[in-house]
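Before any comments, here is the structure.
Note that the structure is predicted; figures quoted are calculated from it, not measured.
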Amino acid sequence: MKIKLSICLMLFALIVSAQENTTEKNKEESKFQFRAVSEVGFISVLSHKIQLGESGTYFDYVDNGGQDVLFPTVRFSLEMDWNDRNTIILLYQPLKIETQAVLKEDLVANGTTFPALTSIKSLYNFPFYRISYLRVLTKNNDKFNFALGGSLQIRNATISFESTDGTRYTDNRGVGPVPALKIRSRLNLNERFYTELEADGMYAPISVLNGSDNETVGAILDASLRMGAYVNKSTNLFFNLRYLGGGAEGSDNEEKWPGDGYVKNWLHFFNVSAGFVLHL
């Protein structure tokens with residue numbers, strides 16, 4: 001009897017221990033939530049001007065470069081929440097605009113002259129690679145939340161002009177970090193619908209950000225207003241309006257070839273899209 005009792009007690013202890021481990025594991029797993037977000041839509045270029053070289057033309061892409069139509073766009077992100085108040089976001093958005101147009105006037109870029117009434121191909125390739133952190137500041141509020149944090153975006157730009165006959169070509173390339181502040185807020189209108197505001201923004205001299213003697217001034221604002229619907233526990237659908245603006249102005253002292261290193265590039269884009277959120 002003593003042996004049987006000891007065996008029963010040991011089995012009971014093992015069962016209790018297993019249940020406690022399972023409960024702790026479930027608690028640990030419940031601290032993390034994952035989401036995949038995707039959207040597709042179009043970009044309208046409200047304004048986009050660029051100058052390559054101090055003696056170069058301040059070129060209007062909309063008026064003279066073929067950016068007066070709509071361009072398709074997509075956007076992907078993965079998000080991870082933990083402890084209900086912290087969020088990490090990994091974002092990728094390709095942004096590649098290729099156009100062909102007949103120049104109304106001369107274009108001078110990096111010392112290369114593209115004569116008026118000739119045809120050129122323009123490439124503006126500026127994909128986003130961004131990691132963000134958000135901290136929810138509103139506790140225990142199921143109707144409204146507000147989060148504040150920061151982002152680090154990788155600038156990966158390729159800008160080029162090429163005559164269609166292949167006789168003239170110039171480009172400008174650059175890779176570098178771009179930090180920004182980030183906010184996100186959500187208002188649950190009812191059990192089915194919600195609205196969300198999100199923005200990443202920065203305006204600062206580059207020398208302040210990276211400690212160099214580069215006097216370039218840079219800015220970015222990526223702001224969106226979203227109307228969404230909770231379809232079920234695992235899926236949301238949304239309609240999104242986005243403003244994307246910013247640019248840079250100044251000289252890059254390290255990379256001057258093929259021009260003198262001066263770049264002036266400012267843009268204002270408007271994006272309309274629809275997408276979904278998948279809770280993993």
Q: Show your working on side chain to side chain contact (heavy atoms under 4.5 Å, CB included) between His279 and Asn236 and close with a plain yes or no.
A: CA-CA 8 Å; His279 299 263; Asn236 305 357; 3.5 Å; yes

Q: Using atom types as modelled and distance alone, determine if a side-chain donor or acceptor of Thr138 lies under 3.5 Å from a backbone N or O of Phe146.
A: yes

Q) Are Tyr92 and Ser77 close enough that some pair of their side-chain heavy atoms sits under 4.5 Å apart? A) no

Q. So, Tyr262 versus Asn110: side-chain donor-acceptor pair below 3.5 Å or not?
A. no

Q. Are Ile120 and Leu103 close enough that some pair of their side-chain heavy atoms sits under 4.5 Å apart?
A. yes

Q.
Less than 4.5 Å apart, side chain to side chain, heavy atoms only: is that true for Leu91 and Ser132?
A. no

Q) Atom CZ of Phe114 and atom OH of Tyr169: how far apart are they, to the nearest 0.5 Å? A) 9.5 Å

Q) Are any of the side-chain heavy atoms of Phe42 and Pro72 separated by less than 4.5 Å? A) no

Q) Which class fits the ring pair Phe34 and Phe32: parallel under 30°, tilted 30 to 60°, perpendicular over 60°? A) parallel

Q.
Would the distance check show the side chain of Asn188 and the main-chain N or O of Asp142 forming a donor-acceptor pair, the cut-off being under 3.5 Å?
A. yes

Q. Which heavy atom of Thr73 sits nearest a heavy atom of Pro94, and at what distance?
A. OG1-O, 4.2 Å

Q. Hey, what's the ring geometry for Tyr230 with Tyr194, parallel, tilted or perpendicular (30° and 60° as the breaks)?
A. tilted

Q: Compare every heavy atom of Leu78 with every heavy atom of Ala36, then report the nearest pair and how far apart it is.
A: CB-CD2, 3.9 Å

(Q) Measuring only between side-chain heavy atoms, which start at C-beta, is Phe128 closer than 4.5 Å to Asp222? (A) yes

Q) Is the shortest heavy-atom distance from the side chain of Tyr61 to the side chain of Leu267 under 4.5 Å? A) no

Q | Common cluster, Phe144/Met227, ILVMFWY with side-chain heavy-atom separation under 4.5 Å | A | yes

Q: Check whether Val178 and Leu134 end up in the same hydrophobic cluster, where Ile, Leu, Val, Met, Phe, Trp and Tyr are linked by side-chain heavy atoms less than 4.5 Å apart.
A: no

Q: Would you check if there is a donor-acceptor pair between the side chains of Asp81 and Thr87 at a distance under 3.5 Å?
A: yes

**Q.** Cluster link Ile183 to Leu244, ILVMFWY, side chain under 4.5 Å
**A.** no

Q. What distance separates Ile50 CD1 from Tyr58 OH, expressed to the nearest 0.5 Å?
A. 9.5 Å

Q.
Quiz question: by atom type and distance under 3.5 Å, do the side chains of Arg226 and Asn240 form a donor-acceptor pair?
A. yes

Q.
Apply side chain to side chain contact (heavy atoms under 4.5 Å, CB included) to residues Tyr203 and Ile220 and explain how you reach the verdict.
A. CA-CA 7 Å; Tyr203 180 87; Ile220 183 175; over 6 Å; no

Q. Would you say Met202 and Gln153 make side-chain contact, with heavy atoms under 4.5 Å?
A. no

Q) Does a donor on one side chain and an acceptor on the other come within less than 3.5 Å for Asn271 and Tyr243? A) no

Q. Between Lys104 and Asp63, is a salt bridge (charged side-chain N to carboxylate O under 4.0 Å, His left out) present by the stated rule, with each step listed?
A. CA-CA 9 Å; Lys104 298 178 182 178; Asp63 184 58; 3.3 Å; yes

(Q) Using 0.5 Å steps for rounding, measure from the CD atom of Gln33 to the CG atom of Asn83. (A) 10.5 Å

Q. Salt bridge or not for Glu196 and Arg186, using N-O below 4.0 Å?
A. yes

**Q.** Spacing of CG belonging to Leu107 relative to OG1 belonging to Thr113, to within rounding of 0.5 Å
**A.** 8.0 Å

Q: Enter the distance from Phe238:CZ to Phe193:CZ here, rounded to the nearest 0.5 Å.
A: 15.0 Å

(Q) When you compare the side chains of Ser163 and Asp165, does any donor N or O come within less than 3.5 Å of an acceptor on the partner? (A) yes

Q: I would like to know whether Val74 and Glu39 meet side chain to side chain contact (heavy atoms under 4.5 Å, CB included); could you show each step before the answer?
A: CA-CA 6 Å; Val74 293; Glu39 59 186 271; over 6 Å; no

Q.
Membership question, hydrophobic clusters at under 4.5 Å side-chain separation (ILVMFWY): are Phe71 and Phe161 in the same one?
A. yes

Q. In this structure, are over 12 heavy atoms from other groups packed under 6.0 Å from Lys49 atom NZ?
A. no

**Q.** Phe269 versus Ser47, closest heavy-atom pair with distance
**A.** CE2-O, 4.4 Å

Q.
Check whether Thr99 reaches the backbone of Gly65 with its side chain - one donor and one acceptor, N or O, closer than 3.5 Å.
A. yes

Q: Answer whether the closest heavy-atom distance between the side chains of Leu90 and Phe76 falls below 4.5 Å.
A: no

Q) Is a donor on one side and an acceptor on the other found under 3.5 Å between the side chain of Asn86 and the backbone of Arg135? A) no

Q.
Can you confirm whether Leu181 is buried at CG, in the sense that more than 12 heavy atoms of other residues, nucleotides or ligands lie under 6.0 Å from that atom?
A. no

**Q.** Derivation of the side chain to side chain contact (heavy atoms under 4.5 Å, CB included) call for Leu148 and Tyr133
**A.** CA-CA 8 Å; Leu148 178 65; Tyr133 168 77; over 6 Å; no

Q.
Using the side chain to side chain contact (heavy atoms under 4.5 Å, CB included) definition, which of the options Met80, Arg35, Arg184, Arg130 pairs with Ile89?
A. Arg184

Q: Mind listing the closest non-hydrogen atom pair of Ser44 and Leu70 along with its distance?
A: CB-CD2, 3.7 Å

Q.
Just verifying a value: how many Å separate Leu52 CG and Phe59 CZ, rounded to the nearest 0.5 Å?
A. 10.5 Å

Q: Please confirm whether the backbone N or O of Val136 pairs with a side-chain atom of Arg85, one donor and one acceptor, at under 3.5 Å?
A: yes

(Q) Tell me which one of Leu189, Asn190, Leu187 satisfies side chain to side chain contact (heavy atoms under 4.5 Å, CB included) with Lys143. (A) Leu187

Q) Sub-3.5 Å donor-acceptor pair from the side chain of Thr235 to the main-chain atoms of Asn232, do we have one? A) no

**Q.** Heavy-atom donor-acceptor pair, Gln51 side chain to Gly53 backbone, under 3.5 Å
**A.** yes

Q. Just checking, any donor-acceptor pair under 3.5 angstrom between side chains of His48 and Asp60?
A. no

Q. Should Leu241 and Val45 be regarded as members of a common hydrophobic cluster, given that ILVMFWY residues are connected when their side-chain heavy atoms come within less than 4.5 Å of each other, either directly or indirectly?
A. no

